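What follows is a single structure, written as structure tokens, with notes after it.
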Amino acid sequence: MLRKILLPTILILLAYGFWISPDFKEIAAGVAIFLFGMLTLEEGFKAFSGGTLEKILQKSTDKLSKSISFGFVATAIMQSSSLVSVLTISFIGAGLIGLTQGVGIILGANIGTTTGAWLMAGFGLKVNIASYAMPMLAFGIILIFQKTKSLKGIGYVLAGLGFLFLGIHYMKDGFEAFKASIDLSSFAVDGFKGLLIFIGIGLLATVVMQSSHATIVLILAALSVHQITYENALALTIGANIGTTITAVIGSLSSNIDGKRLAGAHLIFNLVTAFVAIILINQIMYTVDIISDAIGIASDNHTLKLAVFDSLFKIMGVLMFLPFVDKLVNFLHRIFKEDTTKSNAGFESARFLNNSALELPSTSMASIVSETRHLYENAMEIIIHGLNLKRHNIFSSMPLDEVIHDAYAHEPINIDEYYNKKIKGIYGEIIDFATKAQANMSPNDIEVLYKLKLANRDLVEAVKDTKHLQKNLVKYTKSSNVHIKEQYDKITKDLAELLRDLDIVANAQEVDVRLTLLSKAKVHTEKYDILANGTLDNLIRNSLISNEMATSLMNDTAYAYDISSNLISMAQRMFLMSEVGEEISFNQDDISEILTKER
Amino acid sequence: MGVKKFIKSVKKFLNLENFEAEGKKKSVKGLLQQLNKRKQTLKKQLELELEKKVKKELKEDLEIVSLEIKKGKAILYKLYAKKRKEK
């Protein structure tokens, strides 16, 4: 509703402004070009988000101090806190970083945005910035038309910077020309009233432009030609800082729970900081004067002093919040709770798949990997309980002969019910998400994604096969016929061994351990063929089992073989993703070679 | 100088030509090192007095690891042969 009214109002106001003042047209065009530059710059940095950025983010966010530093550096380089926020939300969504680290990045990004004010005040207003913009635009556009992703990315970054500079130039020129016709400084309001009015204007301008960066640049351009007073500029800066959170909150409305929590953190941080800044405005201004004197900024150089104020006020906010980050995170978890209506009924849904992770191919891939892991955990649980075994026994060093005799329950579990609650929904969501994700992926990524989809299918098939095996397994492991019992105990033991090995494969860091265990599992699986190894013939010939038992055993060894094969191929696709590992991994010929040697 | 020739010479100058192959070679070498270490450990374990069943399992492990080393070496030779051919 608000948007429906807001957009036409802004357009009408702009059209009116253009009609009455050609200089206003220049300022507005400057802002538009500046914002377009920011979009282009974001596009450019997204081109580099195929690995490097993510690796840096993952490695540099394990501690809060590192997260803050990362947020600062990333925003200073990319000159866009919104891109850093988007990346952060998608990384939290994909489960790659926690909310605490995310909050740290946002705190750092807040300080990072101050570099924009320094660049503008120290460089942008002092030189003919348009002369730098032109070659950047020309080179940038040529590179954008190149096929190579990295060249395209560099092109977007160059063009983005070019547009930013050009935008600043137009804003500066516009305000200078504007001064000749209207003196905006005559609208200055002193005192606390002025502070509140200009905070409101700064807030509104940022909500309209969707960028505090653009507002601050506009403030500096106006301040440089004395169109606004220094005090009012400070108030506008505080307003811009509040306005940026409203933009983030509006953006998070369509986002997932993590996006909402992060936007909540952003809102609380900026509101509290702004509140403290309003209360301590005189003290902060006094401190700005002292710092400016100390670093040699002239007392009448208001643009640089504004940059000092912007930095001081944001650093102060971060320092103030540092001891309370964990409390803030806990508070946000309490306020924004996951939708548990479905999981309360026992139906599990995806944990890591959300639209925010679809922003980048790498985060969507990471989400699918994490979710596949979730499905794997659930499938393992169902298979283990389906075989009437206890999970903690499987994942311990308990001898397997003991593991298979320590039953999970007296009655077999209902695998269908478990499947519907713990597998079906998640599997469906993974497939749906993967289909959406692959639209932005490179052919190589799509290949990896395809393997992950197959791994998911293998897990589902393994659960379904367990259901078929379960009926006779429970029946014959309790049979009075020792021969059939022995055979079913052997099937259970072999599967228990495989499940134990898979757990090691899933958690081992060393490739050689994963590789060797999978090869061993492949060799062992081939031994299931009781027709080939003569076990079944022997049992029938000596009338040790009935015909019915023989048929069941034959079918069930086939199911056990399918469970093993599906689980092994899943593990190979999931835990042995490297090309080298896959090439060295055993094929049918290798398995035959080992089996021949053993015979 | 054509664009293709220029890119080729830049790649050569920056040693980017076999970047992918070099990366693969490095990971095969690393894996072979780990597998060889494992092979030696298994051999040492087999020299000890052990139960028949444990010994059988260790022998199987040794055979698997040996075959994996053989496959890894074959990949490495292929990569070297490719490099020689390109020269």
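Here is how names work: the chains are called A, B, and so on, in the same order as the sequence lines, proteins then strands, and each is numbered from 1. Just so we're clear, the structure is a prediction, and the values are computed from it rather than from any experiment.
- Both the backbone and the side chain of B/Ile64 come within contact range of chain A, with heavy atoms under 4.5 Å apart.
- Summarising the geometry, atom CD1 belonging to A/Ile594 is positioned 5.5 Å from atom CD belonging to B/Glu63; distances are rounded to the nearest 0.5 Å.
- The environment of B/Lys37 atom NZ is sparse: at most 12 non-hydrogen atoms of other residues, nucleotides or ligands sit within 6.0 angstrom.
- Both the backbone and the side chain of A/Leu515 come within contact range of chain B, each with at least one heavy atom under 4.5 Å from a heavy atom of that chain.
- Other residues, nucleotides and ligands place no more than 12 heavy atoms under 6.0 Å from the NZ atom of B/Lys56.
- Using a 4.5 Å heavy-atom cutoff, the side chains of B/Lys71 and A/Glu583 are not in contact.
- Using a 4.5 Å cut-off between heavy atoms, B/Lys70 touches chain A through its side chain atoms alone.
- Under the 4.5 Å side-chain criterion, counting only non-hydrogen atoms from C-beta, A/Asp590 is not in contact with B/Glu68.
- No other option in B/Ile69, B/Ile75, B/Leu32, B/Val65 has as many heavy-atom pairs under 4.5 Å with chain A as B/Ile75.
- Here the straight-line distance linking atom CG of B/Leu35 with atom OG1 of A/Thr516 works out to 5.5 Å at 0.5 Å rounding.
- B/Glu60 contributes atom CD, which lies 3.5 Å from atom NE2 of A/His524 (distance to the nearest 0.5 angstrom).
- Counting non-hydrogen atoms of neighbouring residues, nucleotides and ligands closer than 6.0 angstrom, the CD atom of B/Gln33 reaches no more than 12 such neighbours.
- Within a 6.0 Å sphere centred on CZ of A/Phe395, heavy atoms belonging to other residues, nucleotides or ligands number more than 12.
- Proximity to chain B is limited to the side chain of A/Val523, based on heavy atoms less than 4.5 angstrom apart.
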What do the steps show when you test B/Arg38 against A/Val513 for side-chain contact (heavy atoms from CB on, under 4.5 Å), and what is the final call? CA-CA 9 Å; B/Arg38 179 175 275 265; A/Val513 174; 3.1 Å; yes

